[in-house]
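Indexing begins at 1, ligand by ligand and atom by atom, following the structure's order. Hydrogens, waters and symmetry mates are skipped; everything else that's a heavy atom, side chains included, is used.
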Amino acid sequence: MIREGISQAILVSGESGAGKTESTKMLMSYLAFMGGRAASEGRTVEQQVLESNPVLEAFGNAKTVRNNNSSRFGKFVELQFDESGRISGAAIRTYLLERSRVCQLSDPERNYHCFYMLCAAPSEDVEKYKLGDPRNFHYLNQSNCFEVDGLDDSKEYLATRKAMDVVGISSNEQDAIFRVVAAILHLGNIEFAKGEEADSSEPKNDESRFHLKMAAALFMCDDKALEDSLCKRVIMTRDEAITKWLNPEAAAVNRDALAKIVYSRLFDWIVERINSSIGQDPHSKFIIGVLDIYGFESFKTNSFEQFCINLTNEKLQQHFNQHVFKMEQEEYTREEIDWSYIEFIDNQDVLDLIEKVDYFTLC
Ligand SMILES: Nc1ncnc2c1ncn2[C@@H]1O[C@H](COP(=O)(O)OP(=O)(O)OP(=O)(O)O)[C@@H](O)[C@H]1O
């Protein structure tokens with residue numbers, strides 16, 4: 001970057017568990033060291049970027065079959081530099097957090113780390129949020145895996161809080177974040193039974209009513225309004241709004257949809273908050289971007305998320321093929337350089353199968 005005066009991008013690629021996130025962290029440490037400022041200058045951009053890792057991992061990583069700390073989102077970190085090559089700002093962009101994990105788990109995987117951390121928090125926090133053993137929560141107990149070797153959730157909770165301090169998330173904001181996390185766990189424990197009206201639903205029993213009240217209190221909303229939003233659906237017509245009851249199965253689907261959207265918005269909010277605290281440099285001269293996305297994966301049961309993850313990886317692989325093999329070798333041919341052709345597996349047909357419009361119009 002300094003020598004040629006051109007911004008750079010680093011694509012870290014590989015299957016799930018290959019070591020992308022760990023390599024990215026080393027890359028970031030190296031760049032922070034090379035372009036960093038003296039520690040005496042206080043909380044620096046690079047320090048904040050490095051400390052954003054534990055925060056993002058707490059909310060965006062989970063144990064999967066392949067990796068105990070698997071990133072369930074894509075991340076592009078843009079380090080901005082001034083003309084002297086010092087880091088002057090940074091931006092973190094994230095992509096496609098795996099939402100289904102919030103309410104659906106398969107053995108032996110876990111939900112996002114933050115849920116277990118909060119259950120293992122100091123007793124005053126656990127009491128405040130009415131949490132406790134993760135085995136008591138539907139969003140966590142669909143899998144038998146609650147602990148991860150070498151990971152102490154109570155320590156991680158404190159470390160995450162500390163990292164949040166460093167990236168500029170205030171103590172009030174931290175409380176609000178964990179309130180939402182706890183609310184989602186209570187939301188998941190609301191079960192529904194048939195209501196009095198035909199095809200209607202209501203919280204199944206006192207336990208479900210307790211969790212509904214807790215979720216509403218933590219979300220800071222009216223519990224009746226929360227119940228209505230779960231058990232009813234409002235359909236807007238041109239002239240009026242029609243309220244329709246939902247049966248117990250539909251109410252449970254509605255509950256899960258709410259949990260997923262709230263969690264993904266919480267994640268986006270945290271990323272935005274980190275970005276505004278780190279600060280961008282609108283006058284930066286160069287940029288080094290580092291892209292770390294979730295790697296290829298294939299499970300016993302693969303959902304739409306795996307389809308999107310694998311397609312993204314195929315597209316990046318094609319970009320790599322294009323630049324490293326195809327364009328380079330075309331240039332050799334053009335310049336009549338004598339070289340032996342390097343064989344590579346071209347995955348263009350995989351991309352064509354999914355992206356080429358012709359296939360769909362033919363169908
Ligand atoms: N350089 C390294 N030194 C020590 N351990 C490593 C290193 N790289 C990877 N590991 C180990 O491998 C695990 C998986 O690495 P990492 O989380 O970086 O994979 P990944 O490619 O980012 O996977 P995913 O796509 O699932 O996020 C880490 O939790 C760590 O235990």
Side-chain angles (χ1 to χ4, degrees), residues 9-34 49-79 92-102 104-117 143 145-153 155-157 159-160 163 263-264 267-268 270-271 274 288-320 347 350:
I10 303 168
L11 162 62
V12 188
S13 119
E15 65 179 319
S16 178
K20 294 182 296 297
T21 304
E22 294 300 323
S23 304
T24 302
K25 284 192 262 187
M26 288 178 197
L27 268 166
M28 301 302 297
S29 301
Y30 171 76
L31 293 172
F33 176 74
M34 295 300 283
V49 173
L50 293 178
E51 281 304 312
S52 70
N53 284 323
V55 180
L56 294 179
E57 287 185 15
F59 294 88
N61 285 30
K63 179 199 181 301
T64 64
V65 178
R66 317 198 73 174
N67 182 356
N68 283 352
N69 185 33
S70 181
S71 311
R72 311 310 298 160
F73 63 102
K75 182 172 77 173
F76 182 67
V77 182
E78 188 183 294
L79 285 178
I92 300 168
R93 254 182 280 279
T94 56
Y95 308 93
L96 199 82
L97 179 78
E98 184 188 48
R99 291 179 186 184
S100 58
R101 182 169 298 271
V102 176
Q104 222 173 18
L105 287 181
S106 57
D107 214 31
E109 302 209 338
R110 291 210 314 177
N111 208 319
Y112 289 102
H113 296 322
C114 64
F115 291 109
Y116 306 87
M117 284 179 193
S143 153
C145 178
F146 298 96
E147 275 118 35
V148 176
D149 284 346
L151 192 77
D152 181 337
D153 288 311
K155 277 194 189 145
E156 292 297 321
Y157 175 77
T160 303
Y263 190 81
S264 77
F267 185 74
D268 291 344
I270 293 171
V271 175
I274 293 173
I288 295 185
V290 184
L291 182 66
D292 170 23
I293 66 154
Y294 19 45
F296 278 110
E297 58 191 18
S298 170
F299 298 125
K300 217 156 74 189
T301 313
N302 294 293
S303 63
F304 184 62
E305 259 98 357
Q306 273 69 50
F307 175 81
C308 294
I309 289 171
N310 290 346
L311 176 62
T312 311
N313 276 283
E314 292 287 3
K315 280 201 74 102
L316 291 169
Q317 181 63 38
Q318 177 58 220
H319 183 80
F320 179 83
N347 63 342
V350 176

Next on the checklist: If you compare all heavy atoms of C145 against all heavy atoms of K63, which two are closest, and at what distance to 0.1 Å?
Outcome noted: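 Closest approach of C145 to K63: SG-CD, 3.6 Å.
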Checklist entry - R101 and R72: which non-hydrogen atoms are nearest, and at how many Å? => result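 Closest approach of R101 to R72: NH2-NE, 3.6 Å.
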Item to check | Carboxylate-amine/guanidinium proximity below 4.0 Å for K75 and E57 | outcome: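 Between E57 and K75 there is no salt bridge, as every charged N stays at least 4.0 Å from the carboxylate O atoms.
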Checklist entry - In order of chain and number, which residues sit within 4.0 Å of ligand 1 by heavy atom? => result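 Contacts of ligand 1 under 4.0 Å: E15, S16, G17, A18, G19, K20, T21, E22, M26, N67, N69, S70, S71, Y294, G295.
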Checklist entry - Ring centres of F267 and Y112 under 6.0 Å apart? => result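 They do not qualify: ring centres at least 6.0 Å apart.
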Next on the checklist: Can you list everything that forms a salt bridge (Lys or Arg N to Asp or Glu O under 4.0 Å) with E305? Sequence neighbours excluded, please.
Outcome noted: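 Result, salt bridge (Lys or Arg N to Asp or Glu O under 4.0 Å) vs E305: none returned.
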Checklist entry - Quick one: does E22's side chain get under 4.5 Å of K25's, heavy atoms only? => result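 The answer is yes; the side chains approach within 4.5 Å.
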